A.B. asks: 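Supplied in structure tokens, the structure appears directly below.
Note that the coordinates shown come from a computational prediction; the quantities given were computed from them, not determined experimentally.
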Protein chains: 2
Amino acid sequence: MSLPHAILTALLEKPSSGLELTRRFDRSIGYFWSATHQQIYRELGKLEEAGQIRALRSAEPARGGKKEYEVLPAGRAELAEWVGRSEEPKPIRDALLLRLRAAAVAGPDAVAGIEKELGRHLALHEAQLAEYLDMERRQFGPDQDSEADRLRYLVLRGGIELERFWTGWLTEALATLRTR
Amino acid sequence: MSLPHAILTALLEKPSSGLELTRRFDRSIGYFWSATHQQIYRELGKLEEAGQIRALRSAEPARGGKKEYEVLPAGRAELAEWVGRSEEPKPIRDALLLRLRAAAVAGPDAVAGIEKELGRHLALHEAQLAEYLDMERRQFGPDQDSEADRLRYLVLRGGIELERFWTGWLTEALATLRTR
DNA sequence: AAGCCCATGTAAGCTGTTACATGATTCA
DNA sequence: TGAATCATGTAACAGCTTACATGGGCTT
């Protein structure tokens, strides 16, 4: 149940149309909460229905016209309430770890195939880490004065450390497999 | 599309009934691929239908009787093929990171509420890390001779390092919030 | 005029979650 | 015998993914 809150957050940062939101979900917000344009349009409809957001320049033609949305007070209140809500961490579902475990029972032929996949993932995570480090360098100076900036920096720090975990573990995994 | 492969892996490690599988998904397999008993029973039906697994002691009564399943050659082949298959890493969806980002726009009142939640998650991840370290100590000695053991140890190493990431980042996040 | 991108959607299907149902066995 | 637990399911729904549809504007 977090997609509506992700959208409310994005719209509070900047009122946007559906497609603009989609773009931003491919960049910043999507780094920790991904969504496709189909999900976003559906959810925008629900949020408008619920009176939490409102379309600007209202009377555009239904098809082909751009609709910008902004958050209403009810939406802001809902988001603030959600932020403080308690929720269990979701159990992990990671296909790569599962694959390794499967390789242990599927026999040695399977192990050769998985090595390539591990290397591919390593490259992807290294690229993501580099991008985060670049964002860190450009967007965050030595001192953040505003509370909001410090929170945003914390989120980025999470992304960085998570990618460091992946690159570290994948490197270790490849080294282990190669010395067999 | 990984649940059937998780089940095949578990059944190859040891033929089991639905409930036994459920138990094991709460322990070892579930540490990186969780599933409820409803999912498991549904999937067991599909796998049997597809000729990848088979029920032992076949003619037990439908209700209340225990059914043990074992993997057929077709199932083993499917798993081996899947292990080598290439797949994009799933985009991240992490509610806690999203919450922090939302807190940045939802105002300072929201920040107070989130601190408690961060502390709660920290305790959970510390407990999980301790459990993994205990497993490491008990199940894996200084030298793993068999390939399968080394793969299983790699998976556990992944779990350990992932929990270290969480405890480290959550500690940093709490420290940052408290010095505001 | 044809092809491309922008922008907003619809529809179908799959996966996962939550709530409930049913019979068998065990133990107080 | 009643309650708890074991064991296997059914049903309904929510969320996400994939494929396709529709119309407008811009370029060549």
Side-chain angles (χ1 to χ4, degrees), chain A residues 1-8 10-11 15-26 29-30 32-50 53 55-69 82 87-95 98, chain B residues 1-8 10-11 15-26 29-30 32-50 53 55-69 82 87-95 98:
Chain A
M1 264 290 293
S2 298
L3 177 59
H5 305 103
I7 291 178
L8 288 173
L11 287 181
S16 307
S17 68
L19 194 63
E20 282 162 4
L21 276 178
T22 302
R23 297 269 154 73
R24 292 168 59 199
F25 270 80
D26 287 341
I29 291 271
F32 46 88
W33 201 273
S34 69
T36 63
H37 82 272
Q38 292 91 339
Q39 281 179 279
I40 289 169
Y41 283 117
R42 185 174 355 137
E43 204 62 43
L44 283 172
K46 286 191 201 168
L47 286 169
E48 190 176 20
E49 180 85 14
I53 63 173
L56 303 175
R57 350 201 165 164
S58 42
E60 295 267 350
R63 289 269 176 184
K66 163 183 308 198
K67 264 194 287 187
E68 285 226 309
Y69 290 94
W82 175 79
E87 202 172 346
E88 293 314 302
K90 283 235 159 181
I92 298 168
R93 285 207 179 99
D94 186 86
L98 179 59
Chain B
M1 262 289 293
S2 297
L3 177 57
H5 305 104
I7 291 178
L8 287 172
L11 287 181
S16 306
S17 68
L19 193 63
E20 281 163 5
L21 277 178
T22 302
R23 299 269 155 74
R24 291 168 60 199
F25 270 80
D26 287 340
I29 291 270
F32 46 88
W33 201 275
S34 68
T36 63
H37 83 273
Q38 292 89 339
Q39 280 180 279
I40 289 169
Y41 283 118
R42 194 197 319 171
E43 204 61 43
L44 283 172
K46 287 191 200 169
L47 287 168
E48 190 175 22
E49 180 86 13
I53 63 173
L56 305 174
R57 352 201 163 161
S58 43
E60 294 268 352
R63 289 271 178 182
K66 162 182 309 195
K67 264 195 287 187
E68 284 227 309
Y69 290 94
W82 175 79
E87 202 173 344
E88 293 313 303
K90 283 236 160 177
I92 298 168
R93 287 207 178 101
D94 186 85
L98 179 59

A.B. asks: Could you tell me how far apart A:Leu19 (CG) and D:dT22 (P) are, to the nearest whole angstrom?
C.D. replies: 20 Å

A.B. asks: Under the side chain to side chain donor-acceptor pair (under 3.5 Å) rule, collect the residues that match up with B:Gln38, sequence neighbours excluded.
C.D. replies: B:Thr36

A.B. asks: Please state how far atom NZ in A:Lys67 lies from atom P in D:dG23, giving the value in whole angstrom units.
C.D. replies: 16 Å

A.B. asks: Nearest heavy atom decides the nucleotide; on that basis, is B:Gly18 or A:Met1 closer to the 5' end of DNA chain D?
C.D. replies: B:Gly18

A.B. asks: Among the nucleotides C:dT8, D:dG15, C:dC6, which one has an atom lying closest to any side-chain atom of A:Arg23?
C.D. replies: C:dC6

A.B. asks: Who pairs with B:Glu88 by side-chain contact (heavy atoms from CB on, under 4.5 Å), at least two apart in sequence or on another chain?
C.D. replies: A:Arg120, A:Leu124

A.B. asks: Kindly write out the residues that satisfy side chain to side chain donor-acceptor pair (under 3.5 Å) with A:Ser2, not counting sequence neighbours, or none if the list is empty.
C.D. replies: none

A.B. asks: For B:Glu87, enumerate each residue passing the side chain to side chain donor-acceptor pair (under 3.5 Å) test, keeping only those at least two apart in sequence or located in another chain.
C.D. replies: A:Arg99

A.B. asks: Can you tell me if the side-chain N/O atoms of B:Tyr41 get under 4.0 Å from OP1 or OP2 in D:dG9?
C.D. replies: no

A.B. asks: Which part of the nucleic acid, if any, lies within reach of B:Thr22 when heavy atoms closer than 4.0 Å are counted: base, sugar-phosphate only, or nothing?
C.D. replies: nothing

A.B. asks: To the nearest 10 degrees, how far apart in direction are the end axes of the helix from C:dA1-D:dT28 to C:dA28-D:dT1, each fit to five base pairs?
C.D. replies: 0°

A.B. asks: For A:Arg42, give me all partners under side-chain contact (heavy atoms from CB on, under 4.5 Å), at least two apart in sequence or on another chain.
C.D. replies: A:Lys46

A.B. asks: How would you list, by chain and number, every residue that makes a side-chain contact (heavy atoms from CB on, under 4.5 Å) with B:Ser17, sequence neighbours excluded?
C.D. replies: B:Leu19, B:Glu20, B:Lys66

A.B. asks: Of the nucleotides D:dG15, D:dC16, C:dT15, which one has an atom closest to the side chain of A:Leu3?
C.D. replies: D:dC16

A.B. asks: Apply side-chain contact (heavy atoms from CB on, under 4.5 Å) to A:Pro15 and list each qualifying residue two or more places apart in sequence or on a separate chain.
C.D. replies: A:Glu70

A.B. asks: Where the side chain of B:Tyr69 is concerned, which of D:dG15, D:dG9, C:dA7 is the nearest nucleotide?
C.D. replies: D:dG9

A.B. asks: Give me the distances for all protein-to-nucleotides 17-20 of chain C N/O pairs that come in under 3.5 Å?
C.D. replies:
| unit_1 | atom_1 | unit_2 | atom_2 | d |
| --- | --- | --- | --- | --- |
| C:dT17 | OP2 | A:Arg93 | NH2 | 3.1 |
| C:dT17 | OP2 | B:Gln39 | OE1 | 3.4 |
| C:dT17 | O4 | B:Arg42 | NH2 | 3.1 |
| C:dA19 | N6 | B:Gln38 | NE2 | 2.7 |

A.B. asks: Indicate yes or no for a side-chain donor-acceptor contact from B:Ser34 to the backbone of B:Gly30 under 3.5 Å, with no hydrogens or angles considered.
C.D. replies: no

